[in-house]
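Data block below; observations after.
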Amino acid sequence: MREKVLDTISNNILCKLFFIVIPLLNEIPVLTPVFNPFMKVGILIGLLFIFTDLFRGRTILKTAGIVPAALLVIFVLIGSLLHFQSEQFKMNLIELCYIAISFFVLYPVSNSLNREKLFGEITLINCAFVGLVTAASVISLILFFLKVNASYIFNNYEYHLGVFNGRLVGIFRNSIYPTATIAMFCAVIQYLVNRKIWNIKKRRWSVLLVISIVINFEAFALQNSKGLLFGCVGAAFFAAFMVAYKCKAKIVAHLKIGYRIVVSAVSASALAGLFYIMFAFFRKCSYWLLLLIENLKNVLLHNGEQSDAITQDIKSFMERAVGDNYGALTGRPYVWKEGIERALEQPLFGYGPCTLANEIHPFEGSTEQLSHFHNIFVHTLVSGGVLGLCSFIVFLCCCIFRIVKSLFRPKNPENYYLPFLAICALLVFIFIINMADTTILFMTKQSGFLFFIYLGYAMRLTGETKPFKVDVLARKIDEFLTKIIVRKNG
């Protein structure tokens with residue numbers, strides 16, 4: 001009985017599912033009172049998992065890149081504790097602990113997992129996430145075609161429902177959440193896993209995944225976010241480039257490396273351009289469908305005819321208004337400048353991720369309050385200081401080096417390549433949007449949790465399990481704990 005309990009606690013996939021589903025449901029304001037208390041439960045589950053893992057498999061200590069990642073968490077926590085008197089720190093203390101602990105649950109992947117179990121975990125996560133997000137996207141699209149443009153006060157915060165400022169919010173907290181776009185990528189990953197790994201040829205599964213891709217692509221298009229669009233175009237370019245470069249067709253295979261790179265870049269540019277065209281096409285189709293619905297309502301309910309007023313109303317409904325003060329990058333340069341100035345005041349450990357929340361403004365004299373610095377490197381610099389930023393950069397460089405090396409010189413069987421590439425494309429998308437946003441570090445946003453989950457799987461799919469040289473401390477602790485356990489059992 002004791003062993004069964006320990007096995008359940010140390011089951012990494014159950015913990016990961018908890019840290020995926022609960023934050024996702026928590027992103028829906030009306031469900032927040034129900035699921036927000038589960039954050040405390042998540043802290044307890046995370047601590048139990050970490051403690052149990054240290055005395056059983058020690059997956060965390062054997063994970064490549066764990067030392068710089070742990071140092072980042074430590075420096076950010078030190079920066080937060082140095083400003084413990086801040087009101088924002090007190091308000092976000094539970095959230096901060098939840099995010100810090102979640103990293104050690106989400107990123108590590110056991111080296112003992114065989115390939116079938118590894119893709120089994122990926123399949124389980126994809127199905128749970130895609131299913132929930134697609135259902136939310138369907139509701140959001142219904143609100144769009146009903147022309148819902150409402151706001152409401154909930155728990156002393158103002159939220160929007162349906163469409164706000166020409167952008168689809170749906171039932172989520174914010175229109176710029178990349179949740180639907182990530183679900184689209186996850187559906188593509190699962191489609192490739194079904195075809196390449198499980199060899200599932202049934203049309204039913206393929207049709208369901210394609211439907212979810214179309215629904216979430218429509219939601220993504222109606223969000224009208226340049227950041228999400230650039231992220232998708234960049235990910236499409238990256239994936240197309242790698243497919244063209246690795247193509248075994250006679251036309252490409254016999255070309256010299258320089259020519260192959262040129263051909264791959266041209267092919268990737270064409271696909272990225274096609275993706276942009278699809279984005280515009282989906283928005284246009286939504287416009288015409290909404291125009292048709294509104295004119296039918298006008299004819300049936302008011303006995304009217306097609307009116308220019310209806311057309312103008314729909315255009316204003318779907319048009320995003322940006323003030324002149326924000327500039328082309330919607331106020332981000334001012335925010336970045338403010339972040340660097342703040343970092344110079346506390347250069348070593350920073351302020352922590354929550355201390356300055358609601359003190360950030362998109363331009364001078366603005367009353368709009370922001371919770372982060374809209375760039376992952378600036379936000380990390382302010383949150384963890386120079387020490388935290390250096391740890392983050394070392395961690396990223398180690399992961400990027402190993403993944404890129406594996407993309408060009410794969411060690412896994414050939415049928416693994418496309419699912420692995422799709423996971424890498426998702427990581428590229430999330431990383432690109434974090435150049436103008438902050439969603440992967442110390443923010444309870446779904447893209448942050450999924451980034452580190454899929455980064456862990458991507459590292460495992462490289463076929464290399466050796467830790468990095470910077471992980472020497474983790475290896476020493478692992479050896480020390482192993483000796484203690486051996487003596488105790490011996």
Could you check whether the rings of Phe220 and Phe217 sit parallel, tilted or perpendicular, using 30° and 60° as the cut-offs?
perpendicular

Any side-chain heavy atom of Val243 within less than 4.5 Å of one from Leu418?
yes

Would you please say whether a donor-acceptor pair under 3.5 Å links the side chains of Tyr454 and Asn126?
yes

Expected output: side-chain Tyr417 to main-chain Leu407 donor-acceptor under 3.5 Å
yes

Check whether any side-chain N or O of Asn415 sits under 3.5 Å from a backbone N or O of Lys196 as a donor-acceptor pair, and report yes or no.
yes

Any heavy-atom pair between the side chains of Leu192 and Ile197 that's under 4.5 Å?
no

Would Phe35 and Ile28 count as a side-chain contact (heavy atoms from CB on, under 4.5 Å) if you check the C-alpha gap in whole Å, the side-chain angles of each, and the deciding distance to 0.1 Å?
CA-CA 10 Å; Phe35 292 99; Ile28 303 172; over 6 Å; no

Validate the cation-pi geometry between Lys16 and Phe103: distance from NZ or CZ to the six-membered ring centre under 6.0 Å, angle to the ring axis within 45°.
no

Within the structure provided, determine whether Phe172 and Leu24 are in side-chain contact (heavy-atom separation under 4.5 Å).
yes

Run the side-chain contact (heavy atoms from CB on, under 4.5 Å) check on Asn194 and Leu209 step by step: do they pass?
CA-CA 10 Å; Asn194 285 350; Leu209 286 170; 3.6 Å; yes

Arg460 side chain vs Val109 backbone, donor-acceptor pair below 3.5 Å:
no

Can you tell me if Asn375 uses its side chain to pair, donor with acceptor, with the backbone of Met435 under 3.5 Å?
yes

Between Phe449 and Ser102, is the side-chain contact (heavy atoms from CB on, under 4.5 Å) condition met? List the steps.
CA-CA 8 Å; Phe449 297 113; Ser102 70; 3.5 Å; yes

Locate the shortest heavy-atom distance separating Ala422 from Ile189; write the atom from each residue and the value.
CB-CG1, 3.6 Å

Are there more than 12 heavy atoms of other residues, nucleotides or ligands under 6.0 Å from atom CZ of Phe281?
no

Nearest 0.5 Å please: distance from the CD1 atom of Ile20 over to the CG atom of Leu25.
11.5 Å

How long is the span from the CD1 atom in Ile171 to the NE2 atom in His160, to the nearest 0.5 Å?
16.0 Å

Is it the case that the side chain of Thr462 and the backbone of Met459 share a donor-acceptor pair, with hydrogens and angles ignored and the cut-off at 3.5 Å?
yes

Could you check whether Asn216 and Thr181, counting side-chain N and O atoms only, form a donor-acceptor pair closer than 3.5 Å?
no

Determine whether a donor-acceptor pair (N or O, by modelled atom type, separation under 3.5 Å) exists between the side chain of Thr32 and the backbone of Asn26.
yes

Is the ring centre of Phe19 less than 6.0 Å from the ring centre of Tyr98?
yes

Side-chain touch Cys424/Phe420, heavy atoms, less than 4.5 angstrom:
yes

Nearest-0.5 Å distance that lies between atom SG in Cys399 and atom CG in Leu455:
4.5 Å

Is the count of non-hydrogen atoms from other residues, nucleotides or ligands lying under 6.0 Å from Phe38 atom CZ greater than 12?
no

Side chains of Gln190 and Thr123 in contact at under 4.5 Å (non-hydrogen atoms):
yes

Does any N or O in the side chain of Trp336 come within less than 3.5 Å of the main-chain N or O of Val378, such that one atom is a donor and the other an acceptor?
no

Compute whether any side-chain donor of one residue and acceptor of the other, for Ser406 and Glu464, lie under 3.5 angstrom apart.
no

Hey, does Phe279 have a side-chain heavy atom less than 4.5 Å from the side chain of Cys232?
no

Rounded to the nearest 0.5 angstrom, the CZ-OG distance for Phe392 and Ser383 is 10.5 Å

Which residues satisfy the side-chain contact (heavy atoms from CB on, under 4.5 Å) test with Ala236, sequence neighbours excluded?
Phe275

Heavy atoms only: give me the nearest Gly384-Val76 pair and the separation to one decimal.
CA-CG2, 3.8 Å

Looking at every heavy atom in both Gly120 and Trp198, which two are closest together, and how far apart are they?
N-CZ2, 3.6 Å

What's the spacing between Ile453 CD1 and Leu426 CG if we round to 0.5 Å?
10.5 Å

In chain order, what residues pass the side chain to side chain donor-acceptor pair (under 3.5 Å) check against Glu341, with sequence neighbours excluded?
Lys337

On a heavy-atom basis, which atom in Gly42 and which in Phe18 lie closest, and how many Å separate them?
CA-CE2, 3.4 Å

Measure the shortest side-chain to side-chain distance between Leu228 and Phe429 over non-hydrogen atoms and say whether it is less than 4.5 angstrom.
yes

Closest non-hydrogen atoms of Ile430 and Asn434, given as atom of the first, atom of the second and distance, are O-ND2, 2.7 Å

Between Phe119 and Tyr416, does the ring centre distance come in under 6.0 Å?
yes

Minimal heavy-atom distance between Ile393 and Phe377, with the atoms involved, is CG1-CE2, 4.2 Å

Using the rule given for ring-ring contact (aromatic ring centres under 6.0 Å, His included), can you reason through Tyr107 versus Phe395, listing the C-alpha separation, both sets of side-chain angles and the distance that settles it, and then say yes or no?
CA-CA 12 Å; Tyr107 175 63; Phe395 171 71; 5.3 Å; yes

Derivation of the side-chain contact (heavy atoms from CB on, under 4.5 Å) call for Ser151 and Tyr159:
CA-CA 6 Å; Ser151 60; Tyr159 296 102; over 6 Å; no

Nearest 0.5 Å please: distance from the CD1 atom of Ile211 over to the OG atom of Ser206.
11.0 Å

Hey, does Glu27 have a side-chain heavy atom less than 4.5 Å from the side chain of Thr179?
yes

